[in-house]
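We count ligands from 1, going down the list as the structure has it; atoms in each ligand are counted the same way. Index from 1, following the sequence.
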Amino acid sequence: MNSPRHRSTAVEATGSSIQTAAALLRDGHLVAFPTETVYGLGADARNGRAVAAVFEAKGRPQFNPLIVHVGSLEAASQLADLTNTAKRLAAAFWPGPLTLVLPRRRDSGLSELVTAGLDTVAVRIPDHPVARALLEACACPIAAPSANRSGHVSATTAQHVVDDLGSKVALVLDGGSTAHGIESTVIDATGGPLMLLRSGAVSAGQIKAMTGSSLARAVNQNQRPQSPGQLQSHYAPRAAVRLDALTVNEGEALLAFGDNVPATSGLVINLSPSGDLIEAASMLFAALRRLDASGAKSIAIMPIPEHGLGEAINDRLRRAAAPRE
Ligand code: TXA
Ligand code: MG
């Protein structure tokens, strides 16, 4: 179980509680920890079920891609390709409250859910001694959105985390109040013009002073700032997608859920034979990619219950099924 029923209390961050937290992370549990911006709700970014538990704990009805925290530039370059500009930004602002969206390496080992199926990944090295020590002890990339329930304000003390998510995390490391109190600045540094995806603790002016050019701001077709994470079009299968399928047509591949799977001679991937929505969420993006790569013209998708993580799964599937431009 990722979510203990009891309410966690915060534990002062010490050498030994940080070791405990690292062991919990490596075992697939969730740990909240301080960064210099806000508290993060952390999971091993390579572990799909742990990442799914983050979305479940936050109660987000959508899979937004998460920031992956690492302890060193070397660890960052194992996950993503750093362009020269990205390297200069990293040298100037890391460790610190700047998040770079970069091309994700194929051999990154990250769960597909962390990046919501995108080919890019958001990475940063936090500048907080507890976060750094946790990253070193865990020796794993840590996916961590702000440690608050969806729609609530970000947590800047350990007590905020306990109040909001105490029953959902294995451990809350208390490192006092966070210094900035606002999230990191998110920049698209995938190779085109640098683009500001989310304003945050590093100002656009500081970045301009370093790079010598202004940041483009993400806008959508309505010329309104685009909500972060929606800039890159979400991964869309090439195959047609048919929802709420109870039978499979000739030539269709099947994305199944539960134990009542219709007969078919085509490829079947079951998101969770036992009907576990956390398991299903952890498999979703990888399963869509595999079914699509099979060459099937259409993917039939069995109904998925619209509760808990099912809401976010169905949101993603409805978008995959929507008519393409
Ligand atoms: O200060 C922070 O950044 C905190 C602390 C815990 O580090 N973390 C945080 O994470 O705010 P989160 O997951 O709440 O915010 C991630 C932001 C979202 O706006 C998301 O849309 C964007 O980064 N993002 C993540 N991956 C992305 C990607 N591949 N492409 C575009 N935007 C991405
Ligand atoms: Mg947040």
Next item on the list: Would you kindly say whether Ser274 and Asp276 are connected by a side-chain donor-acceptor distance under 3.5 Å?
Entry: no
Notebook entry, point to check: Of Ile207, Leu215, Leu100, which is the lone residue that meets side chain to side chain contact (heavy atoms under 4.5 Å, CB included) with Thr185?
Noted result: Ile207
Checklist line | Donor-acceptor under 3.5 Å (Tyr39 side chain, Gln159 main chain) | finding: no
Would you check whether [X] has a nitrogen or oxygen atom less than 3.5 angstrom from a nitrogen or oxygen atom of ligand 1?
{"X": "Lys58", "answer": "no"}
{"X": "His69", "answer": "yes"}
{"X": "Arg124", "answer": "yes"}
{"X": "Glu183", "answer": "no"}
{"X": "Thr35", "answer": "no"}

May I ask whether [X] has any heavy atom positioned less than 4.0 angstrom from an atom of ligand 1?
{"X": "Pro97", "value": "no"}
{"X": "Leu66", "value": "yes"}
{"X": "Ala144", "value": "yes"}

Item checked: Note: Asp164-Arg149 ion pair, threshold 4.0 Å (strictly below) -> no
Checklist line | Lys/Arg-Asp/Glu bridge criterion (N-O < 4.0 Å) met for Glu36, Arg124 | finding: yes
Margin query: side-chain hydrogen bond (donor to acceptor under 3.5 Å, both in side chains) for Thr37 and Ser184? Distances and angles first, verdict last.
Written below: CA-CA 6 Å; Thr37 58; Ser184 63; 5.7 Å; no
Should the proximity of [X] to ligand 1, defined as any heavy atom under 4.0 Å, be assigned to the side chain, the backbone, both, or neither?
{"X": "Arg60", "value": "side chain"}
{"X": "Leu197", "value": "side chain"}
{"X": "Thr120", "value": "both"}

Check: Which atoms of ligand 1 sit under 4.0 Å from any heavy atom of Pro65?
Finding: 20 (C), 24 (N), 25 (C), 26 (N), 27 (C), 28 (C), 33 (C)
Check: In ligand 1, which numbered atoms sit nearer than 4.0 Å to a non-hydrogen atom of Ala122?
Finding: 25 (C), 26 (N), 27 (C)
Within-4.5 Å side-chain heavy-atom neighbours: [X] and [Y]:
{"X": "Asn249", "Y": "Ser298", "answer": "no"}
{"X": "Arg46", "Y": "Cys140", "answer": "yes"}
{"X": "Phe257", "Y": "Pro303", "answer": "no"}

Margin query: With rounding to the nearest 0.5 angstrom, report the CD to CG distance, Gln19 to Leu24.
Written below: 11.5 Å
Notebook entry, point to check: What protein N/O/S atoms sit under 2.8 Å from the Mg ion (ligand 2), by chain and number?
Noted result: Ser146 OG
Item checked: Closest contact, heavy atoms only, Asp44 versus Val51 -> O-CG2, 3.7 Å
Notebook entry, point to check: Are Ser146 and Lys58 close enough, and set up right, to give a side chain to side chain contact (heavy atoms under 4.5 Å, CB included), and what steps lead you there?
Noted result: CA-CA 9 Å; Ser146 52; Lys58 286 197 60 112; 3.5 Å; yes
